[in-house]
Amino acid sequence: MNNSKKQLLPTIRDLPRFLCEPDPYIYLSNNYVVLDYETTNKDKGTALRGDNRIVLACWHAVLGEETEVLSHYGGEYELSELVEAVQRADFLVAHNAKFELQWLERCGLDIGEVVVYDTMLGEYVLGGNRWVGAKVGLDAIARRRGLGAKATLVSNLIKNGVCPSDIPRAWLEKYCARDVDLTHRLFLEQRRELEEHGLLKVLYTRCLLTPVLADIEKNGMYLDAERVEAAYVAAERELFDLNVRLHTLTGGINTNSTKQLAKFLYEDLKFAEVKDYKGKPLRTPAGAPRTDVDTISSLRPKNQKQREFLEVYSRHKEVSNELTKYLRKWHECCENDGGHLTAFFNQHMTQTHRLSSSGAKYRTQFQNFPRTYKPFFTAPTDKWLVGECDGSQLEFRVAVHLGRDEQGLYDIEHGEDIHGFTAQTLTEAGEPTDRQGAKAHTFKPLYGGQSGTHAQQTYYQAFRLKYKGIAEAQQRWINEVLSTGKLVTEWGMVYHWPGTKMSRSGYVDNTTSICNYPVQGFATAEIIPIALVFMWHRLRRSDLQMRIVNTIHDSIIMLLPEEEQEDFHILSKECLINAVYDYLRCTYNVQLTVPLGCSVSTGKHWGSKEETKYEAEKELYRGNGV
DNA sequence: GAAAAGTGCGCC
DNA sequence: AAATGGCGCACTTTTC
């Protein structure tokens, strides 16, 4: 166990050079490999399925002026030449490199030692918020850039479910060679543009996260079968009763149909629609009456029939949601897979560049479990725990930094109760609100929110007055977008809102996005990924057994042996706090001016209430950091 | 009959 | 005219 080369917890200096001395200009080197795999096609060909295999690998090995064009038809055990080429190179180029990395790991590569350049992420970073998802697919990019479309015959075969292993070898080779060539030319175009726009560093950060995600997707999370089963059975039982009652009350309409439900609510039961301050009914974007919980819960029943319907309906909605989105799937997962639940992370789906996730086999994504279900997750073995660490008030603190807001800094340093201020302001404006109820409103101004009830508007104004620095920064962002159509953030990321105009009333299009993207992006697309990267590499170079299993925007979820609790605390603090300051300074030349904090908890199940909080030392954010 | 649009709801 | 950001998934209805 005491491997001489490893330590329980290596320091940051022991990490690979590309981390302790981050250098985005490595991408200007001409020592790289461009790779594309064709694989069998179960679940999109993922390497995480043992029954998939590599059909064909095509790669370019570039060294100086020389480009070798290579390919190999056959499985992963015969690809040592490729693995060695990748190890010799300064970096690996691939489109959606997470996919290739998972395969390369099966081919025997240590993916913790590789720097990748992902052309999908390259395009994503160049686009800012302009193109996401399918628009950064290789086809779409080739079309947009006039690089020549993909070979249509083979791509159509694959799209229509034909396994590459059944496609004639010569066709497939031509297709794959073309994709590598396309990826290579795309890379050369992109790196020039990224350098020109000062975006290499942003791409570097995106790409550092790729091997981390490639690895943690393999882990998954574990459900406590007993807890899931109990909740599942109780919910099915309750739903059955509620269905009967609802059927009687409504005469058998389908309450899942917004159309039928709206007719029942507003015509049959004669509820009055909720109106705005001008007396106009609040409708959906398409003009239909609203039937969501918020709307329905604000309806005021005037008779017994209305009252009873609201009561039964709201509970029915709750229970059926829980069942269809979580409990039935998790019940299946416990029956068939011992409660092992997996998902994958999408690096290219969001406008702000935070991650998104999608459920794998059971289609439950990893970022929207109901909070009350956290205790349904547990460790797969005895003597292991679930741990969670998250950035304290992360988006607020980021906003305070971006606005160099003195009041905000004071409040953070003195642990002021921000929600308390919200509650007090709302109460004094005639809308009695407790602290819990105030939480929803506290940060709405960070999203540029202005409207609402009189008391709410009073609060938003009070927020803008109190945190002047934040409000002024947001106003500057709006002005910049008005005059240039884009916003260059202080870490280099550029968001675009072309054609933004001011209306006659003075309201600027996209105000809410302009106010929010920099905050959300810096917090959850830069800071947390940095922490994840450092945490993963330090664990990888240690003897510790704990592993990262999930990340939800401002938090990281782990599985760990009981005896590694202290290491987990240290690691959380050092990665979520210290490493972030260093990395931001080295890579982005950004000196954070606020304390970062984190809170750490562990337990037999996820969601333990006992938290330990840590705060940054003053010299990290108030001096030169030395 | 499949795809797209619309609506609602879970999380941060 | 409206004016709180970001997602993915279930379900119904509309469109092609």
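Each chain gets a letter, A, B and so on, in the order its sequence line appears, and its residues count up from 1.
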End axis versus end axis in the helix from B:dG1-C:dC16 to B:dC12-C:dG5, the angle rounded to 10°, five pairs used at each terminus: 10°
Distance below 4.0 Å between A:Ser513 side-chain N/O and C:dG5 OP1 or OP2: no
Side-chain donor/acceptor contact of A:Ser505 with base of C:dA2 under 3.5 Å: yes
A:Glu490-A:His401 side chain donor-acceptor pair, cut-off 3.5 Å: yes
By side chain to side chain contact (heavy atoms under 4.5 Å, CB included) - contacts of A:Thr602 (at least two apart): A:Leu385, A:Leu560, A:Gln565, A:Phe568
Worked verdict on A:Arg315 versus A:Glu318 for salt bridge (charged side-chain N to carboxylate O under 4.0 Å, His left out): CA-CA 5 Å; A:Arg315 183 61 190 154; A:Glu318 226 174 298; 3.1 Å; yes
side-chain N/O A:Thr512 vs C:dG5 OP1/OP2, d < 4.0 Å: yes
With A:Glu472 via side chain to side chain contact (heavy atoms under 4.5 Å, CB included) - residues at least two apart: A:Lys468, A:Arg476
Integer-rounded Å distance: C:dG5 C1' and A:Ile478 CD1: 13 Å
Donor-acceptor pair between A:Tyr326 and A:Thr364 side chains, under 3.5 angstrom: no
Interface residues of residues 548-559 of chain A with DNA chain B (non-hydrogen, below 4.0 angstrom): A:Ile552, A:His553, A:Asp554
Nucleotide nearest A:Asn346 when distance is taken to its side chain, options C:dA2, C:dG8, C:dG6: C:dG8
Modelled atom types, side-chain donor and acceptor of A:Thr205 and A:Tyr588, under 3.5 Å: yes
Spacing between A:Tyr459 atom OH and C:dT4 atom C1', to the nearest angstrom: 12 Å
Donor-acceptor side-chain pairing of A:Ser513 and A:Asn510 below 3.5 angstrom: no
A:His496: partners by ring-ring contact (aromatic ring centres under 6.0 Å, His included), with sequence neighbours left out: none
Those residues that, when tested against A:Trp477, pass ring-ring contact (aromatic ring centres under 6.0 Å, His included) (two or more places apart): none
A:Thr324: partners by side chain to side chain contact (heavy atoms under 4.5 Å, CB included), with sequence neighbours left out: A:Arg328
Residues in contact with DNA chain B, drawn from residues 309-323 of chain A - heavy-atom cutoff 4.0 Å: A:Lys317, A:Asn321
Pairs flagged by salt bridge (charged side-chain N to carboxylate O under 4.0 Å, His left out) wherever residues 344-354 of chain A is involved - sequence neighbours left out: A:Arg354-A:Glu395
Base of C:dG6 paired with side chain of A:Gln351 (donor-acceptor, under 3.5 Å): no
Test item: side-chain donor near acceptor, A:Asn346 and A:Ser356, under 3.5 Å: yes
Residue pair A:Gln461 / A:Gln457, side-chain donor-acceptor N/O under 3.5 Å: no
Interatomic distance, A:Asn516 CG vs C:dC7 C1' [rounded to whole Å]: 12 Å
Phosphate OP1/OP2 of C:dA2 contacted by A:Tyr507 side-chain N/O (<4.0 Å): no
Nucleotide C:dG5, atom P - distance to CH2 of A:Trp497 in whole Å: 12 Å
For chain A, the stretch of DNA chain B it reaches, first to last nucleotide, under 4.0 Å of its heavy atoms: B:dG6 to B:dC12
Set of side chain to side chain contact (heavy atoms under 4.5 Å, CB included) partners for A:Asn41, sequence neighbours left out: A:Cys163, A:Pro164
Under 4.0 Å protein heavy-atom contacts per nucleotide of nucleotides 9-16 of chain C, with B for base, S for backbone only and - for none: BSSSSS--
Sub-6.0 Å ring centroid separation between A:Phe396 and A:Tyr467: yes
is_close_aromatic(A:Phe309, A:Phe264), centroid dist under 6.0 Å: yes
